[in-house]
Amino acid sequence: MPQIFRPGANAYARIVLVCLVTVPVISILVVYVVMGSSFVTGQNVFVDQSPPFSHQHHVGALGIGCKMCHVSVEKSAFAGLPTTHVCMTCHSQIWTNAPMLAPVRASMAEDKPLKWRRVNNLPDYVFFDHSAHVKNGVGCSSCHGAVDTMPLMEQAKPLTMSWCLSCHEAPEKMLRPEDQIYNLHWSPPKDQEEKGKALIAHYAIDPKHLIDCSVCHR
Amino acid sequence: MRAALFLVLFAALGLAGCGDGDMADQPSLRDQEASDIWGIGTSVRPLPEGAIAQIAPATEAALAVPPPVSEALLHRGQEDFETFCAPCHGFAGDGDGIIVQRGFSPPPSYHSPRLRAAPASHFIDVITNGFGAMYSFADRVTPEERWAIVAYIRALQLSREASLAEFPEASEKLR
């Protein structure tokens, strides 16, 4: 009776053995990297808008504060996008014939809201409240980055659950005093750990419950 | 046999959970979400003609009586003034803000005799209803914030004409 396997089969057997271990490990690694990459999270992707609104110009160059347009950020879950009325507060007199602003004028004339494309979009099963964060020591730039350097808006952070938890598990690393909330270039000072702990007490935050499922999933 | 039937039914139930349900984008509408429900592309419902906000009486009441002035009110006023007013009126109220420097009609200085003499209700009225080239800020600034801003405008006005004699503590420090 002839041999079932030729000598070369030994090599195949070894390759299969190695693959049994490496393929699952590599697959998991690849999935892990891809799921956290901007391809999936949308991080660092500039979103084209009409009109092409520049935070760099309005916030960076002119120094207009966040709340001028995102009026409800301290009062409700949604920070609010400005109405055409808000744009026209200045543009009724400035750049009145600029082609770039044609969509704003059309919106005003036709009484139809501007259509902005969403940049930071959380899944509908996540409850997020802007006022709860802004009023309790989390500044704008912690999630939105330095918007005053962005010609078009990009999603500055991955907005994944593990990213949310990185702060919910250790809020003392990111909490700021009240007068720094709107500072777009805030970075934690050297003694942040200490200051953060004092701020947890100051804002009366109960860190035990910050990682309860129902805090974000209701 | 019965167990098998049960299993099949159970599996079918499980499958019913799949399908077009995208949990990340549910049919319920979020604030200012893109939607054609009102025919204008947004989930925000246009106000029917003649609609009056439920908070209208509360707004009117809050605007009628000035709140007591406190340090906290002035701080609040400063923050709101610098956000909403300073771009045109300037951080010191001279009417030379950055938007004016870029071509917007210059507003009058708060330090002009006319505005120094104007009652607080005048500033409340202008914030609420707009004035000249200035749009109404009623949709952006709450009645409480309006009073805080007016208190801060008064502080700005005082800062130009105060005499040292009025502030013995300050003159003490200067010596």
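Labels below follow one simple rule: chain letters A, B, ... track the order of the sequence lines, proteins then strands, and each chain is numbered from 1. Everything numeric in this text was worked out from a predicted model, so none of it was measured.
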**Region of S105(B) in contact with chain A, defined by heavy-atom distances below 4.5 Å** = both
**Asked** More than 12 non-hydrogen atoms from neighbouring residues, nucleotides or ligands closer than 6.0 Å to CZ on F39(A), yes or no?
**Response** no
**Contact leader toward chain A among H75(B), E82(B), R76(B), where contacts are heavy-atom pairs under 4.5 Å** = R76(B)
**Asked** Do other residues, nucleotides or ligands put more than 12 heavy atoms under 6.0 Å from Q180(A) CD?
**Response** yes
**Asked** Considering only heavy atoms, which portion of T42(B) lies under 4.5 Å from any heavy atom of chain A: side chain, backbone, both, or neither?
**Response** side chain
**Region of A34(B) that comes under 4.5 Å of a non-hydrogen atom in chain A** = neither
**Request:** Supply the atom-to-atom distance H70(A) NE2 to R140(B) CZ, rounded to the nearest 0.5 angstrom.
**Result:** 13.0 Å
**Asked** Given the rule in the side chain to side chain contact (heavy atoms under 4.5 Å, CB included) test, do D25(B) and N121(A) qualify, once you have shown the distances and angles that lead to the verdict?
**Response** CA-CA 10 Å; D25(B) 188 12; N121(A) 197 9; over 6 Å; no
**Item:** Atom group of V126(A) that falls short of 4.5 Å from chain B, counting heavy atoms
**Value:** neither
**Item:** E74(A) versus chain B, the contacting section by heavy-atom distance below 4.5 Å
**Value:** side chain
**Among the listed options G80(A), P113(A), C69(A), the residue most often paired with chain B at heavy-atom distances under 4.5 Å** = P113(A)
**Request:** Please flag which part of D80(B) lies under 4.5 Å from any non-hydrogen atom of chain A: side chain, backbone, both or neither.
**Result:** side chain
**Request:** Kindly check if the number of other-residue, nucleotide or ligand heavy atoms within 6.0 Å of CD1 (I55(B)) is above 12?
**Result:** no
**Message:** Using a 3.5 Å distance criterion without hydrogens, assess whether the side chain of Q32(B) forms a donor-acceptor pair with backbone atoms of L81(A).
**Reply:** yes
**Message:** Before you tell me yes or no, could you show the steps for E79(B) and D179(A) under side chain to side chain contact (heavy atoms under 4.5 Å, CB included), namely the whole-Å CA-CA distance, both residues' side-chain angles and the distance that decides it to 0.1 Å?
**Reply:** CA-CA 10 Å; E79(B) 199 187 314; D179(A) 60 355; over 6 Å; no
**Message:** Could you report the tightest heavy-atom contact between M68(A) and F137(B), atom names first, then the distance?
**Reply:** SD-CE2, 4.1 Å
**Message:** For I40(B), which atoms come within 4.5 Å of any heavy atom of chain A: side chain, backbone, both, or neither?
**Reply:** both
**Prompt:** Taking C-beta and beyond as the side chain, do E33(B) and F78(A) meet within less than 4.5 Å on heavy atoms?
**Reply:** no
**Request:** Flag yes if more than 12 heavy atoms outside L20(A) fall under 6.0 Å of its CG atom; otherwise flag no.
**Result:** yes
**Prompt:** Just how far is it from atom OG1 of T83(B) to atom NZ of K67(A), taken to the nearest 0.5 Å?
**Reply:** 4.5 Å
**Asked** Does some side-chain heavy atom of T83(A) sit less than 4.5 Å from a side-chain heavy atom of D139(B)?
**Response** yes
**Asked** To the nearest 0.5 Å, how far apart are CG in L62(A) and CZ in R102(B)?
**Response** 5.0 Å
**Item:** Nearest-0.5 Å distance that lies between atom CD in Q93(A) and atom SG in C88(B)
**Value:** 8.5 Å
**Toward chain A, the part of R30(B) with a non-hydrogen atom under 4.5 Å** = side chain
**Asked** Between G41(B) and K115(A), what is the shortest heavy-atom contact and its length?
**Response** CA-CE, 4.0 Å
**Asked** Any donor-acceptor pair under 3.5 Å linking the side chain of D124(A) with the backbone of Q26(B)?
**Response** yes
**Complete:** From the list K75(A), R118(A), K112(A), R117(A), the residue making the most non-hydrogen contacts under 4.5 Å with chain B is K75(A)
**Fill in**
Taken to the nearest 0.5 Å, the spacing of T89(A) OG1 from F104(B) CZ works out to 8.0 Å
**Message:** With heavy-atom distances below 4.5 Å as the criterion, would you say the side chains of C90(A) and Y135(B) are in contact?
**Reply:** no
**Message:** Tell me whether the count of non-hydrogen atoms from other residues, nucleotides or ligands lying under 6.0 Å of CD in Q54(B) goes above 12.
**Reply:** no
